[in-house]
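For the numbers below, each heavy atom of this structure counts, side chains included, while hydrogens, waters and symmetry mates do not. In this text the structure is predicted, and so the values were computed from the model without any measurement.
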Amino acid sequence: MLLLQMLNPFPLHYAIILILISSFLTPTAAVAGNSEVKQFLGVQNAARSALRLPPLVWDARIERYAAGYAAQRRADCELLHSNGPYGENIFWGSGNRWTAGQAAAAWVSERRGYNYWSNSCVYGQDCGHYTQIVWRGTRRVGCARVVCYGGRGVFMICNYDPPGNYVGERPY
């Protein structure tokens, strides 16, 4: 401890506090320390729980993929899919105050447009975001949120592994 104090101009307790604070600022922070992660997971896992499906687990590797793609979309904020190896939900909202929970809730709200018996979306409604969230085989998720440049809005993405939404298969 004495050596640390000699090398560091700050008192030891300041160094410990800085280490603790920086641990919460890392992009792959633990679920307990990251409000956005909790929001993304909470809403989606509530939808899965209602169907007695196992909860999605946050995956840092998938989160890095989502963050990389979101960074690409930051310049234009366009709703374009990454066409990557994962299932994917994307969201755009004008302004800069949209939250992870609001994006996840928008996707889950598509439940009303899904007809389980015909395994299809009700005419004129979207339901693919919802069916990806409740896809029985999906286990892991990683998401990202960026505020786009020039006041173009907020872009959010969640990626799912294994992916879902296979034609002819029911989600659950």
Side-chain angles (χ1 to χ4, degrees), residues 4 14-93 95-111 126-149 152-166 169 171-172:
L4 178 61
Y14 287 136
I16 292 170
I17 291 169
L18 289 173
I19 291 168
L20 289 173
I21 290 170
S22 69
S23 71
F24 286 106
L25 298 177
T26 59
T28 56
V31 172
N34 189 323
S35 175
E36 282 186 0
V37 172
K38 286 181 182 179
Q39 288 179 46
F40 277 127
L41 279 177
V43 174
Q44 294 182 81
N45 281 336
R48 291 177 66 85
S49 177
L51 298 169
R52 296 188 172 120
L53 295 170
L56 297 172
V57 175
W58 194 261
D59 186 292
R61 177 180 47 87
I62 300 171
E63 178 189 16
R64 284 189 297 276
Y65 177 87
Y69 187 69
Q72 291 177 35
R73 295 273 62 90
R74 180 174 259 162
D76 58 22
C77 223
E78 289 192 38
L79 277 176
L80 299 173
H81 284 281
S82 71
N83 297 313
Y86 302 111
E88 186 168 273
N89 284 342
I90 56 176
F91 173 93
W92 173 84
N96 64 359
R97 295 183 182 218
W98 290 93
T99 66
Q102 290 171 317
W107 297 327
V108 169
S109 75
E110 291 181 3
R111 177 184 180 275
D126 293 324
C127 66
H129 298 102
Y130 169 73
T131 54
Q132 174 57 79
I133 289 168
V134 298
W135 197 263
R136 176 184 289 123
T138 299
R139 296 289 181 257
R140 292 167 298 283
V141 65
C143 307
R145 175 189 181 276
V146 295
V147 175
C148 299
Y149 298 135
R152 292 188 173 152
V154 175
F155 180 88
M156 289 183 253
I157 180 172
C158 283
N159 290 105
Y160 304 86
D161 187 51
N165 284 343
Y166 292 110
E169 293 184 30
Y172 51 88

Provide the closest heavy-atom pair for Phe155 versus Arg73 in the form atom of the first, atom of the second, distance. CZ-CG, 3.6 Å

Minimum heavy-atom distance between Gly142 and Ala66, given as atom pair plus value: O-CB, 3.7 Å

Side chain to side chain contact (heavy atoms under 4.5 Å, CB included), that's the test. Do Asp161 and Arg61 meet it? Break it down for me. CA-CA 11 Å; Asp161 187 51; Arg61 177 180 47 87; 4.2 Å; yes

Out of the candidates Ile62, Leu56, Asn45, Ile133, only one should pair with Val141 under the side-chain contact (heavy atoms from CB on, under 4.5 Å) rule; please name it. Leu56

Exactly one of Asn89, Thr138, Asp59 should register a side chain to side chain donor-acceptor pair (under 3.5 Å) with Tyr160. Which one does? Asn89

Run the numbers on Val57 and Arg139 for side chain to side chain contact (heavy atoms under 4.5 Å, CB included), then give the verdict. CA-CA 6 Å; Val57 175; Arg139 296 289 181 257; over 6 Å; no

For Arg145 and Trp98, indicate whether the former's side chain and the latter's backbone hold a donor-acceptor pair under 3.5 Å. yes

Supply the atom-to-atom distance Cys127 SG to Arg111 CZ, rounded to the nearest 0.5 angstrom. 12.0 Å

List the steps and the verdict of side chain to side chain contact (heavy atoms under 4.5 Å, CB included) for Gln44 and Cys158. CA-CA 11 Å; Gln44 294 182 81; Cys158 283; 3.7 Å; yes

Which heavy-atom pair separates Gly137 from Pro162 by the least distance, and what is that distance? O-CD, 3.3 Å

With a 3.5 Å distance limit and no angle check, can you tell me whether Asn165 reaches the backbone of Gly87 through a side-chain donor-acceptor pair? no

On a heavy-atom basis, which atom in Ala75 and which in Tyr149 lie closest, and how many Å separate them? CA-CD1, 3.8 Å

Rounded to the nearest 0.5 Å, what's the gap from CD on Glu169 to OG1 on Thr131? Could you check? 11.5 Å

Kindly give the heavy-atom pair with the smallest separation between Leu80 and Tyr69, and that separation in Å. O-OH, 2.6 Å

Please work out which of the three classes, parallel, tilted or perpendicular, describes the rings of Tyr130 and Tyr172, given edges at 30° and 60°. perpendicular

Test your reading of the model: is there a side-chain donor-acceptor pair from Arg140 to the backbone of Trp58, 3.5 Å cut-off? no

Can you say whether the rings of Tyr65 and Tyr86 are parallel (under 30°), tilted (30 to 60°) or perpendicular (over 60°)? perpendicular

Is a side-chain donor or acceptor of Ser109 paired with a backbone partner of Ala106 at a separation under 3.5 angstrom? yes

Is a side-chain N or O of Trp92 found less than 3.5 angstrom from the main chain of Arg152, in a donor-acceptor match? yes

For Ala70 versus Ile157, what's the shortest heavy-atom pair and its separation? CB-CG2, 4.1 Å

When you measure from the side chain of Glu110 to the backbone N and O of His129, does any donor-acceptor pair fall under 3.5 Å? yes

Quickly, which of Arg74, Gln72, Met156 forms a side-chain contact (heavy atoms from CB on, under 4.5 Å) with Val146? Name it, please. Arg74

Parallel, tilted or perpendicular, judged at 30° and 60°: which one describes the rings of Tyr166 and Trp135? perpendicular

Is there a donor-acceptor pair under 3.5 Å between the side chain of Glu88 and the backbone N or O of Ser82? yes

